[in-house]
Protein chains: 2
Amino acid sequence: MQNKRVVLGDDHPVFRGGLSQLIRQILPFADIVEAGTLDEVLSAARLGAPPSLLVIDLLFPGLSIEQSLPALRQEFPKASIVIVSMVNDQRTIQNVMDMGIDGFINKSVSVDDIATAITAVCDGDVVVKTSSQSDILMESEKPALTQRQSDVLGLMVEGKSNKEIALILGISPFTVRIHVSALLRALDVSTRTGAVAKAYSNGILTS
Amino acid sequence: MQNKRVVLGDDHPVFRGGLSQLIRQILPFADIVEAGTLDEVLSAARLGAPPSLLVIDLLFPGLSIEQSLPALRQEFPKASIVIVSMVNDQRTIQNVMDMGIDGFINKSVSVDDIATAITAVCDGDVVVKTSSQSDILMESEKPALTQRQSDVLGLMVEGKSNKEIALILGISPFTVRIHVSALLRALDVSTRTGAVAKAYSNGILTS
DNA sequence: GGATCAATAAGGCATATGTGCTAATGCAAC
DNA sequence: GTTGCATTAGCACATATGCCTTATTGATCC
């Protein structure tokens with residue numbers, strides 16, 4: 001039997017290296033290919049035999065992988081797809097899991113737990129491994145924004161106007177203003193510029 | 001001679017593992033201690049001989065390390081302190097560097113570059129290694145703002161309104177608007193939020 | 001002296017922003 | 001089932017913002 005092919009996609013080389021080493025330990029005979037961009041993931045996955053395992057970061061520079069996941073799932077129906085990410089919010093995780101992937105692992109999870117999670121996925125299980133206490137503390141210190149408020153804030157920090165945000169998100173400008181007002185209150189500021197400043201200095205942004 | 005002591009603080013176990021392996025390669029005889037929280041970093045650093053190198057994540061769960069840095073710098077004056085972080089905006093980096101540390105490395109930087117950066121810091125250099133894929137403007141192509149425009153932009157990034165800026169600078173709100181309009185044109189943006197975003201990501205504010 | 005530019009100030013005008021208010025839908029918890 | 005919350009949408013109103021024009025002062029350069 002041919003060796004398992006594993007494609008490992010993450011834009012942080014050091015994290016990728018650590019993950020690669022980890023996978024080598026649990027799958028000693030696997031052929032592991034590392035990729036730093038979504039394009040590299042795709043070309044690596046298409047090269048040679050279909051991969052049996054794809055481990056990919058959710059937040060890639062450039063295109064959001066969330067949009068590419070369905071296509072990926074369809075192109076490699078037999079592969080186990082595992083998403084690793086810093087995000088720990090149930091809503092996002094549910095969204096991603098609904099795309100028919102096999103696992104979601106938070107980056108804050110311990111090496112051992114990631115290893116057992118990936119092993120389980122290779123055995124056909126579906127695993128969601130969210131962060132334990134350490135990150136929940138972090139979450140509680142940050143102002144709690146809803147999903148949509150985060151979306152809007154993310155566009156605000158890029159200098160988009162309410163009208164532009166409405167266009168991009170496909171909702172009404174009135175609704176955008178609702179979200180803006182709500183997040184301004186949540187961040188305890190009175191202007192959007194203040195929100196942007198706070199977003200930058202607090203590291204609320206998960207770019 | 002005693003082995004070098006290295007304390008490695010990061011809340012992501014996999015990244016920490018990758019970084020640990022990397023440091024083992026460039027400092028084969030070092031005694032590397034890993035820590036997942038700020039408290040662990042402190043107790044590890046205080047245990048035994050003073051560490052010669054501290055490599056710490058900027059965004060730690062719990063207390064912001066930015067607030068602890070001055071104390072850390074004071075407690076371990078001889079140690080080289082290197083901050084690793086996801087953030088890539090010049091303003092934050094400058095703030096951190098001003099606390100008297102020896103290096104700032106973005107997490108997106110390649111393994112080789114991180115290795116050379118840490119090696120350089122161990123040799124006594126001060127190194128700032130930002131992400132290469134980020135579109136940081138070169139010194140030559142930085143928009144030239146007048147003194148007053150910089151003053152105004154500096155207050156804008158703190159979320160102040162034109163009226164507040166006028167009060168703080170002791171000038172008329174009309175004049176503030178003149179400066180705002182001028183610097184928006186100079187930065188090639190159409191809204192103040194866009195200017196703030198550009199100021200953060202491009203490090204225009206070097207004062 | 002004449003030219004240029006930063007900085008100051010002001011009025012007018014169009015658009016953007018932020019805050020009330022009401023209201024419907026869907027989803028999850030109890 | 002009811003309660004709560006997120007999300008959606010709209011209207012009205014006050015304020016902020018950004019751009020246009022004109023104008024004066026002081027500093028610097030040729």
Side-chain angles (χ1 to χ4, degrees), chain A residues 66 87-99 128 130 136 139-140 142-199 204 206, chain B residues 142-199 204-205 207:
Chain A
E66 285 183 72
V87 312
N88 206 38
D89 125 70
Q90 282 304 123
R91 198 186 172 85
T92 305
I93 294 172
Q94 195 54 52
N95 279 342
V96 174
M97 291 307 294
D98 286 346
M99 295 175 185
V128 174
T130 53
I136 293 165
E139 296 292 335
S140 67
K142 284 183 186 176
L145 297 184
T146 69
Q147 181 62 42
R148 219 40 168 170
Q149 286 165 9
S150 293
D151 295 343
V152 172
L153 180 57
L155 292 166
M156 279 166 64
V157 301
E158 293 177 17
K160 309 288 187 201
S161 71
N162 288 346
K163 203 179 285 182
E164 290 173 309
I165 295 173
L167 270 176
I168 294 171
L169 294 182
I171 57 180
S172 156
F174 294 101
T175 308
V176 174
R177 291 202 291 181
I178 298 278
H179 294 311
V180 172
S181 279
L183 73 87
L184 291 186
R185 222 172 316 168
L187 297 184
D188 193 30
V189 293
S190 61
T191 67
R192 61 172 45 220
T193 320
V196 170
K198 204 148 196 169
I204 293 170
T206 50
Chain B
K142 268 186 191 172
L145 298 183
T146 69
Q147 182 59 46
R148 218 44 168 169
Q149 286 166 8
S150 293
D151 296 343
V152 172
L153 181 56
L155 292 166
M156 279 166 64
V157 302
E158 293 175 18
K160 310 287 189 206
S161 70
N162 287 347
K163 201 179 284 183
E164 291 174 307
I165 294 173
L167 272 174
I168 293 171
L169 294 182
I171 57 180
S172 156
F174 295 102
T175 308
V176 175
R177 292 200 293 177
I178 299 277
H179 294 309
V180 173
S181 279
L183 73 86
L184 290 187
R185 223 171 315 167
L187 297 184
D188 193 30
V189 292
S190 61
T191 67
R192 60 171 48 219
T193 320
V196 170
K198 206 149 194 169
I204 290 167
L205 298 170
S207 62

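Just so we're on the same page: letters track the sequence lines, and every chain starts at 1.
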Q: Using whole Å, what does the distance between atom C1' of nucleotide dT7(D) and atom CG of Leu169(A) come to?
A: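 So the two atoms are 12 Å apart, to the nearest Å.
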Q: Tabulate protein N/O versus nucleotide N/O from nucleotides 26-30 of chain C, keeping only pairs under 3.5 Å, one per line.
A:
none

Q: OP1 or OP2 of dG18(C) sitting under 4.0 Å from any side-chain N/O of Ser190(A)?
A: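 Negative; the distance criterion is not met.
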Q: Find the bend of the helix from dG1(C)-dC30(D) to dC30(C)-dG1(D) as the angle between its two terminal axes (five pairs each), to the nearest 10°.
A: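 The helix from dG1(C)-dC30(D) to dC30(C)-dG1(D) shows an end-to-end axis angle of 50°.
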Q: Starting at atom CZ of Phe174(B), determine the distance to atom C1' of dA10(C), rounded to an integer number of angstrom.
A: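 Value for this atom pair: 5 Å.
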Q: All N/O contacts under 3.5 Å from nucleotides 14-16 of chain D to the protein, with atom names and distances to one decimal?
A:
{"residue": "dA16(D)", "atom": "OP1", "partner": "Lys163(B)", "partner atom": "NZ", "Å": "3.3"}
{"residue": "dA16(D)", "atom": "OP2", "partner": "Lys163(B)", "partner atom": "NZ", "Å": "3.3"}

Q: Whole-Å distance between dA7(C) P and Ile165(B) CD1?
A: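 Checked: the CD1 to P distance equals 15 Å.
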Q: Side-chain polar contacts of residues 184-195 of chain A - donor-acceptor pairs under 3.5 angstrom, sequence neighbours left out - could you list them?
A:
{"residue": "Thr191(A)", "atom": "OG1", "partner": "Gly194(A)", "partner atom": "N", "Å": "3.2"}
{"residue": "Arg192(A)", "atom": "NH1", "partner": "Lys160(A)", "partner atom": "O", "Å": "3.1"}
{"residue": "Arg192(A)", "atom": "NH2", "partner": "Asn162(A)", "partner atom": "OD1", "Å": "2.1"}

Q: Could you state the interatomic distance from CD (Glu158(B)) to CD1 (Ile165(B)), rounded to the nearest 0.5 Å?
A: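 Reported value, rounded in 0.5 Å steps: 9.5 Å.
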Q: Would you mind reading off the distance between Leu153(A) atom CG and dT17(C) atom P, rounded to a whole angstrom?
A: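 Spelled out: CG on Leu153(A) to P on dT17(C) is 14 Å.
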Q: Quickly work out the Ile171(A) CD1 to dA9(D) C1' distance and round it to whole Å.
A: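 After rounding, the reported distance stands at 10 Å.
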Q: What distance do His179(A) atom NE2 and Leu155(A) atom CG have between them, rounded to the nearest 0.5 Å?
A: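 Those atoms lie 11.5 Å apart.
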Q: Tell me which of Thr175(B) and Met156(A) sits closer to the 5' end of DNA chain C, going by the nucleotide each one is nearest to.
A: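 With Thr175(B) and Met156(A) compared, the 5'-side residue is Thr175(B).
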Q: Tell me which residues in residues 176-185 of chain B put a heavy atom below 4.0 Å from DNA chain D, sorted by number, or none.
A: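 Contacting residues: Arg177(B), Val180(B), Ser181(B), Leu184(B).
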Q: Which pairs of donor and acceptor atoms, one on a side chain in residues 170-177 of chain A, lie under 3.5 Å apart (sequence neighbours left out)?
A:
{"residue": "Ser172(A)", "atom": "OG", "partner": "Phe174(A)", "partner atom": "N", "Å": "3.0"}

Q: If I take atom CE from residue Met156(A) and atom CG from residue Asp151(A), how far apart are they, to the nearest 0.5 angstrom?
A: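 Going from the CE atom of Met156(A) to the CG atom of Asp151(A) covers 12.5 Å.
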Q: Main chain of Ser161(B), side chain of Glu164(B): is a donor-acceptor contact present, judged purely on distance under 3.5 Å?
A: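 Indeed, once roles are kept as given, a pair shorter than 3.5 Å links the two residues.
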Q: Can you check whether Gln149(B) reaches Val152(B) side chain to side chain, under 4.5 Å on heavy atoms?
A: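 Gln149(B) does not reach Val152(B) side chain to side chain.
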